[in-house]
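Just so you know, these numbers use all the heavy atoms, side chains as well, and skip hydrogens, waters and symmetry mates. Letters A, B, ... are given to chains in the order of the sequence lines, protein chains preceding strands, and every chain is numbered from 1.
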Amino acid sequence: GQQVMQIPQYQHVQEGEDFTTYCNSSTTLSNIQWYKQRPGGHPVFLIQLVKSGEVKKQKRLTFQFGEAKKNSSLHITATQTTDVGTYFCAVMNSGYSTLTFGKGTMLLVSP
Amino acid sequence: SAVISQKPSRDICQRGTSLTIQCQVDSQVTMMFWYRQQPGQSLTLIATANQGSEATYESGFVIDKFPISRPNLTFSTLTVSNMSPEDSSIYLCSVEGELRETQYFGPGTRLLVL
């Protein structure tokens with residue numbers, strides 16, 4: 001299946017600071033998806049990026065897909081304690097309907 | 001979006017026993033998936049549950065250890081057989097989302113094997 005590297009593994013910020021997590025692939029992706037998992041919860045779909053260079057926003061969250069469709073980022077502006085959780089990127093496995101998830105970035109926000 | 005329920009939500013089991021986890025969806029779906037998430041780790045796909053045929057297992061997972069049933073388009077079960085402490089994980093079912101190639105996840109089953 002596909003391989004995707006996600007960094008950082010963990011980040012601890014003060015409330016109000018910004019946060020960014022990155023996903024990188026060695027191969028061109030058809031699309032990339034982002035999920036959020038709250039502590040004790042299950043992954044929840046956030047967004048799907050399909051087009052080269054695509055940028056999508058959801059309130060304080062900004063998602064980008066690289067021009068070469070090999071990398072993506074999720075940026076949170078002015079973090080809040082409600083942003084706490086693990087953010088996963090996920091990519092489709094070529095020829096299948098299955099997903100491969102990155103290792104995730106755990107975000108901790110201190111008030 | 002689909003509403004997914006899983007039973008049990010959590011369980012503590014003795015090694016050597018088996019546990020069957022149920023996944024119920026409120027609408028008919030073609031694709032259902034089973035994942036394992038070990039403590040502090042990412043999600044690993046166990047298998048795709050196909051209605052009317054055998055499940056498709058990922059590398060490292062076998063039917064004897066993780067038998068799966070998919071009797072209809074709204075229901076699936078995953079059995080964790082002959083459990084060992086290494087099987088302690090969260091087991092999640094998911095279904096295809098409204099957007100093609102995305103997925104909705106159930107609440108998960110938290111399993112501890114002693």
What part of B/Leu92 lies closer than 4.5 angstrom to a heavy atom of chain A: side chain, backbone, both or neither? side chain

Should the pair A/Tyr10 and A/His12 be assigned to parallel (<30°), tilted (30 to 60°) or perpendicular (>60°) ring geometry? perpendicular

Between B/Thr102 and A/Gln33, a side-chain donor and acceptor under 3.5 Å: no

Please flag which part of A/Gln37 lies under 4.5 Å from any non-hydrogen atom of chain B: side chain, backbone, both or neither. side chain

N/O donor-acceptor pair under 3.5 Å between A/Ser52 side chain and A/Glu67 backbone: yes

Fit a plane to each ring of A/Tyr35 and B/Phe105, take the angle between them on a 0 to 90° scale, and name the class: parallel (under 30°), tilted (30 to 60°) or perpendicular (over 60°). perpendicular

Please classify the contact between B/Tyr104 and chain A as side chain, backbone, both or neither, with a heavy-atom cut-off of under 4.5 Å. neither

Based on non-hydrogen pairs under 4.5 Å, which of B/Met31, B/Gln37, B/Glu58 is most in contact with chain A? B/Gln37

Who else is in B/Phe75's hydrophobic cluster (ILVMFWY, side-chain heavy atoms under 4.5 Å, direct or via others)? none

Who among A/Gln6, A/Gln48, A/Met106 has the most heavy-atom pairs with chain B under 4.5 Å? A/Gln48

Contacting moiety of B/Gln41, where chain A heavy atoms sit under 4.5 Å: backbone

With a 4.5 angstrom heavy-atom cut-off, which part of B/Thr48 approaches chain A: side chain, backbone, both or neither? side chain

Would you say the side-chain atoms of A/Thr21 and A/Trp34 include a donor-acceptor pair closer than 3.5 Å? no

